[in-house]
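Please read the structure below before turning to the comments.
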Amino acid sequence: MSPSKPPAVELEVRGRTVRVSSPDKIYFPERGLTKLDVVQYFVSVGDGILGALLDRPTTLERWPKGVFEGARLSTRMDSTGDAFYQKRVPQGAPEYVQTARISFPSGRTADEVAPSELAVVAWAANLGTLTFHPWPVLGDDVDSPDQLRIDLDPQPGTDFDDAARVAPHVRELLSEHGLEGTPKTSGGRGIHVFVPIEPRWSFVEARRATIAFGRELERRLPDDVTMKWWKEERGQKIFIDYNQMARDRTIASAYSIRSNPRATVSAPLRWDEVADVHPNDFDVTTMPARFAEVGDLFAALVGHAEPRGSIESLLELAERQELEGESDLPYPPEYPKMPGEPKRVQPSKDRDRPR
C-alpha cells in the first residue's frame, strides 16, 4: 500500500486563502527545500516580488517536479520536459488572477498572468513557478516599455566579478544621459540594471536606445565589453544583450528563484555593494532576512512610480552612431526579418563575407 500524500496546506495571503498541494515535495534536494518553503519565501519578500511584477504581463517558469540533477527546461512554450515556460494563463486559475493580452513578433496573441496582488504570486508558486519573467510594460499599455533593461552577460572565461567591474561604468554612462538604474544579481553569473523610463517609446525604439548605450560602453571598454550577437565573435568579455529589449524577450524579475541546486535568487543591490557581493550570498534561506533589513531596493521600478527617465538622449546617440556608419544588429532567431536588420547569418557560415 503506497503511503498517503501529506495533506494540503492553506496559507492566508493578505486576505486570500492559497492552497499549497504536496507541501512537503522536495524542490531543491541539495538544500532540502520543499514546495512550501518556496511559497513561504515569496510571501516573506511579498512587497518586493509583487512590486517587481505588479500589473505586468508575466511568463511563468514552472518546475513542478523540482530542481533535480538532469532536470530539463523545455524551450517550447508548453508542458513538455521537466520544466517549462507558460505564457498563457493556466486553466483553472482563481477568479482573482488578472491577465494582460500581449502580442508576439509573429502576430499571435496571448493572455498572460499580470499579478495584481501577492496571492497570485503564491498561487503561481504552488504550480511550481520559481522564476517570474515580467515584460517591461504595464498591462494598460503593452506596447510601450516603461523600463530599460541592461543585461551584463558574462561569456565563457569571465564571471560575476568581471560583470561587477563593468557595472560602475554602466551607472556612469546612464547618468550622462540623465538616467538612473538599479542593479541586481541575475541569480547566476550576470548583473541586470533596470532603468525606469517614461512609457513614450516603442519596443523598436527602446531596443535602438539599448544598442546605442551598449556600443558606447563597448567603445569605452573595448577589452571588457562586446556587442557581438554571434557567440563565436564575443571572446572573453561581458556581452551587453541588447535583444533583451526586443518584444517578447524578458529577464528574470527581482526576487525570483533561479533553477540551480543552491536556490539562489535575483537580488536587488545598492551600487556600493556590487563589487563586494557574490550571487551565492542571496538564496531562498538568506534573502528574507536581507529584505527585512534593507527593504525593497527595486521600489523605484514599481509601475507608475515617479520619476521616470527619458531615452531621447540615447536615441540622439543612436542617430549619431548611424551617421558614422553603424547599422542595426541581428534580432533573435524566432523573429521575422525586421526592417533595416543585417543578414542573420553566423559569420563563419556567411559565404558572402570577405575572407
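Bear in mind that the values here come from a model prediction, so they are computed numbers and not experimental data.
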Heavy-atom neighbours of [X] [atom1] exceed 12 at 6.0 Å:
X: Glu319; atom1: CD; result: no
X: Glu69; atom1: CD; result: no
X: Arg101; atom1: CZ; result: no

Residues Arg189, Asp153; criterion salt bridge (charged side-chain N to carboxylate O under 4.0 Å, His left out); working and verdict: CA-CA 8 Å; Arg189 300 187 309 135; Asp153 184 7; 5.2 Å; no

Hydrophobic cluster partners of Ile26 (side-chain heavy atoms under 4.5 Å):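 Listed partners: none, Ile26 stands alone.
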
Audit row: Arg56, Gln147, side-chain contact (heavy atoms from CB on, under 4.5 Å) steps and yes/no: CA-CA 11 Å; Arg56 299 186 184 280; Gln147 295 176 348; 3.0 Å; yes

State, with a plain yes or no, whether a side-chain heavy atom of [X] is found less than 4.5 Å away from one of [Y].
X: Gln40; Y: Phe42; result: no
X: Leu60; Y: Pro90; result: yes
X: Val38; Y: Leu130; result: yes
X: Phe104; Y: Glu334; result: no

From CA spacing to verdict: salt bridge (charged side-chain N to carboxylate O under 4.0 Å, His left out), Arg16, Glu95: CA-CA 11 Å; Arg16 302 280 191 191; Glu95 49 82 22; 3.4 Å; yes

[atom1]-[atom2] distance between [X] and [Y], expressed to the nearest 0.5 angstrom:
X: Thr59; Y: Phe132; atom1: OG1; atom2: CZ; value: 11.5 Å
X: Arg249; Y: Tyr242; atom1: CZ; atom2: OH; value: 10.0 Å
X: Thr158; Y: Phe239; atom1: OG1; atom2: CZ; value: 12.0 Å
X: Thr285; Y: Leu33; atom1: OG1; atom2: CG; value: 7.0 Å
X: Ile211; Y: Glu322; atom1: CD1; atom2: CD; value: 8.5 Å

Arg208/Glu205 salt bridge by N-O under 4.0 Å criterion: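 Salt bridge flag = no for Arg208 with Glu205.
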
hydrophobic_cluster_shared for Met227 and Leu148, side chain cutoff 4.5 Å: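 Leu148 and Met227: one cluster.
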
Can you give the donor-acceptor pairs under 3.5 Å from side chains of residues 292-304 to other protein atoms, not counting sequence neighbours?
unit_1: Asp296; atom_1: OD1; unit_2: Tyr255; atom_2: OH; d: 2.7
unit_1: Asp296; atom_1: OD1; unit_2: Phe298; atom_2: N; d: 3.0

Donor-acceptor side-chain pairing of Ser313 and His177 below 3.5 angstrom: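 Their side chains do contain a donor-acceptor pair, which is all the 3.5 Å distance test asks for.
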
Parallel, tilted or perpendicular: ring planes of His278 versus Phe160, cut at 30 and 60 degrees: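 Tilted.
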
Test salt bridge (charged side-chain N to carboxylate O under 4.0 Å, His left out) applied to Glu312 and Arg200, step by step: CA-CA 10 Å; Glu312 287 288 0; Arg200 294 169 41 201; 3.4 Å; yes

Backbone N/O of Thr99 and side chain of Asp111: donor-acceptor pair under 3.5 Å: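 It does not hold such a pair.
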
Under 3.5 Å donor-acceptor, Glu117 side chain and Pro115 backbone: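 No, because the side chain of Glu117 does not come within donor-acceptor range (under 3.5 Å) of the backbone of Pro115.
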
Test side chain to side chain contact (heavy atoms under 4.5 Å, CB included) applied to Arg258 and Val284, Thr264, Val265, the passing residue: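 Answer to the side chain to side chain contact (heavy atoms under 4.5 Å, CB included) test with Arg258 among Val284, Thr264, Val265: Thr264.
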
